[in-house]
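None of these values were measured; they are calculated from a predicted model. Every chain is numbered from 1, with letters handed out A, B, ... down the list of sequences.
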Amino acid sequence: MNATAHPLVEGYLRSLDGAAKVLPRRERDELVAEIRAHLDEAVPPGASEADVRNALDALGAPWDIVAAAGGEAKPVRRGPREIFALILLVTGGIPLPIIGWFVGLGLLIWSPLWTTRQKWLGALVWPGGWFGVILLTTISSSSGGVTGCGSSGGIVAPSGSSQVVMTGCTTTTHSTPLWEFLPLAVLVIGLPILVAMYLWRAAGRQAAA
Amino acid sequence: MHYLVAQGTLCRVVAASEVLSQLRRGALEYCVLALLANEERYAFDIVRTLGQVDGMVTAEGTLYPLLSRLKKDGRVTTQWRDSDAGPPRKYYAITDDGRRALGEFTTEWTRFRQAVESLLAKGTA
């Protein structure tokens with residue numbers, strides 16, 4: 001396996017590239033390319049994780065390297081940007097439904113603390129956040145006959161079925177027991193929270209690296 | 001009173017390590033030139049050789065910016081060469097300018113080292 005394909009090496013190079021943003025474009029690219037080549041040689045194919053960690057430790061912290069290149073690099077920390085990104089993505093935007101979600105998406109893309117894969121994950125679970133899911137299911141099950149209910153807090157069964165489960169709503173019409181939709185509700189509400197928790201910790205790991 | 005003495009000592013110890021890290025940083029570039037005095041080397045070779053000398057380099061990665069600075073200052077030149085295994089390597093060679101700088105530093109360093117050593121010897125005698 002090529003050294004730079006190792007996840008630890010990948011994370012390190014990403015931190016370095018982020019820290020090196022303060023340098024002129026050419027210097028930044030050259031520095032990252034040189035450190036990448038160094039790691040390719042320092043970490044032989046099939047090296048253990050300990051070997052990889054030793055090689056990275058010997059290199060030193062990314063911002064030390066950038067500082068040696070004349071850049072005043074500050075370590076990127078998890079902050080309001082990451083917090084708001086996750087809150088807006090999970091909820092779908094408070095106080096501006098859907099629009100708020102797009103703001104969250106922007107923050108997610110902007111943050112250097114997540115990988116492209118993690119950004120896709122954050123964007124796709126669920127697009128529009130909770131509001132998005134509610135809106136989608138409400139539209140697609142307009143035949144479901146949800147009446148006398150508030151605009152928020154409802155989870156509606158997929159189209160085609162007449163059963164409706166509402167949370168935070170008093171008028172529910174269902175011919176099947178409520179618990180049958182519990183797994184779906186848990187999935188819809190819980191998955192974004194799990195993803196957000198994962199992304200929060202991933203950002204923390206990336207900031208510490 | 002004891003506390004004050006201890007505190008004073010601590011301050012001096014911190015300052016000494018700061019002095020040494022400044023010295024090391026300044027001398028490092030000439031150590032790189034010295035490594036190149038007799039042969040061309042590629043970056044990884046330079047970095048590893050210096051990294052293996054105890055107390056010389058604390059973060060190997062910082063040597064790469066140093067190498068590009070040496071190149072910018074015209075003290076070394078670089079050339080890509082094919083390697084037997086893997087991608088081509090960038091080889092560093094010392095220039096006449098670099099050789100001159102290394103010669104000057106070596107003279108000055110030797111004088112400086114002898115002066116400091118003789119004075120330090122008086123302090124411990």
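Under the 4.0 Å criterion applied to side-chain N and carboxylate O atoms, B:Lys90 and A:Glu30 are assigned as salt-bridge partners.
In this structure, A:Asn54 has no side chain to side chain contact (heavy atoms under 4.5 Å, CB included) partners at least two apart in sequence or on a different chain.
Distance check: B:Leu63 CG to A:Ile65 CD1 gives 9.5 Å after rounding to the nearest 0.5 Å. Rounding to the nearest 0.5 angstrom, the gap separating the CG atom in A:Asp64 from the CD atom in B:Glu60 is 13.5 Å.
Scanning residues 105-112 of chain B against chain A with a 4.5 Å heavy-atom cutoff picks out nothing at all.
Only the side chain of B:Arg48 comes within contact range of chain A, judged by heavy atoms closer than 4.5 Å. The parts of A:Ala42 that come within reach of chain B are both its backbone and its side chain, each placing non-hydrogen atoms under 4.5 angstrom from that chain. When heavy atoms are compared at a cutoff of 4.5 Å, B:Val57 does not approach chain A at all.
Atom CZ of A:Arg201 has 12 or fewer heavy atoms from other residues, nucleotides or ligands within 6.0 Å. A 6.0 Å sphere centred on CZ of A:Arg117 holds no more than 12 heavy atoms belonging to other residues, nucleotides or ligands. Atom CZ of A:Arg26 has 12 or fewer neighbouring heavy atoms from other residues, nucleotides or ligands inside a 6.0 Å radius. Heavy-atom contacts from other residues, nucleotides or ligands closer than 6.0 Å to CE of B:Met56 number more than 12.
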Worked check of side-chain contact (heavy atoms from CB on, under 4.5 Å) between A:Leu31 and B:Tyr64: CA-CA 7 Å; A:Leu31 182 64; B:Tyr64 286 94; 4.1 Å; yes

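Judged by distance alone, the side chain of B:Arg69 and the main-chain N or O of A:Ala68 form a donor-acceptor pair under 3.5 Å.
The two residues B:Ala59 and A:Gly60 come nearest to each other via the heavy atoms CB-CA, 3.8 Å.
B:Phe44 has its side chain out of reach of A:Glu34: every pair of non-hydrogen atoms, C-beta onward, lies at least 4.5 Å apart.
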